[in-house]
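Presented below is the structure to which this report refers.
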Amino acid sequence: MTHEESINVLKYLAAKYIDDGSSVLSLYKDIDAAAAAERSPVKGIMYEILEKKNREFSEFDRDLVSYLEYYFG
């Protein structure tokens, strides 16, 4: 998984699993800021998603989370 792919996956997970639009937008800003600074936002953003998600991850999305943890965790 590339850095760019990880950014897209984080945004996808935030949008799909967090119902509060302002929280999603805040996470998007944090993700974009980290990407612009060429830092990996995976650990911090995944923590936020796990804290704020409103439902359980699907099997497919659990696999995505596993990939993120493997490559960036």
Side-chain angles (χ1 to χ4, degrees):
M1 180 176 289
T2 67
H3 180 73
E4 185 64 34
E5 289 170 332
S6 73
I7 299 299
N8 292 333
V9 169
L10 289 171
K11 288 182 176 182
Y12 160 77
L13 292 172
K16 184 172 180 180
Y17 290 99
I18 300 174
D19 291 335
D20 178 24
S22 64
S23 291
V24 173
L25 290 176
S26 176
L27 285 174
Y28 277 19
K29 286 171 52 175
D30 293 344
I31 292 167
D32 289 339
E38 297 184 10
R39 292 182 289 117
S40 175
V42 172
K43 285 184 182 180
I45 298 299
M46 275 309 305
Y47 177 80
E48 292 290 324
I49 292 171
L50 290 171
E51 287 241 320
K52 296 177 181 179
K53 70 183 176 85
N54 300 102
R55 59 197 139 288
E56 296 302 314
F57 292 125
S58 68
E59 183 177 339
F60 176 80
D61 292 340
R62 278 194 308 269
D63 289 343
L64 288 176
V65 171
S66 293
Y67 291 136
L68 287 172
E69 291 173 346
Y70 177 79
Y71 288 105
F72 300 97

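Since the model is a prediction, treat every value here as computed from it, not as a measurement. The basis for the numbers below is simple: all heavy atoms, side chains too, and nothing from hydrogens, waters or symmetry mates.
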Starting at [atom1] of [X], measure out to [atom2] of [Y] and round the result to the nearest 0.5 Å.
X   : Y   : atom1 : atom2 : result
L68 : I45 : CG    : CD1   : 11.5 Å
M1  : N8  : CE    : CG    : 9.5 Å
R62 : E56 : CZ    : CD    : 8.0 Å

Closest non-hydrogen atom pair between [X] and [Y], with its separation:
X   : Y   : result
H3  : P41 : CE1-CD, 4.2 Å
R55 : K16 : NH2-O, 2.8 Å
I49 : A14 : CD1-N, 3.9 Å
T2  : F72 : O-CZ, 3.7 Å

inquiry  = With clusters defined by side-chain heavy atoms of hydrophobic residues (ILVMFWY) lying less than 4.5 Å apart, directly or transitively, does I31 cluster with Y47?
reply    = no
Pair listing, side chain to side chain donor-acceptor pair (under 3.5 Å) test, anchored in residues 28-46, at least two apart = K11-D32
message = With side chain to side chain donor-acceptor pair (under 3.5 Å) as the rule and sequence neighbours excluded, what pairs involving residues 63-73 come up?
response = none
Heavy-atom side-chain proximity of M46 to L13 below 4.5 angstrom = yes
key: Side-chain heavy-atom pair L64, F57 within 4.5 angstrom cut-off   = no
inquiry  = Once salt bridge (charged side-chain N to carboxylate O under 4.0 Å, His left out) is applied, do any residues pair with E59, and if so which ones, sequence neighbours excluded?
reply    = none
Only counting residues at least two apart or in another chain, list the ones meeting side-chain contact (heavy atoms from CB on, under 4.5 Å) with [X].
X   : value
L25 : none
A33 : none
K52 : I18, S23, E48

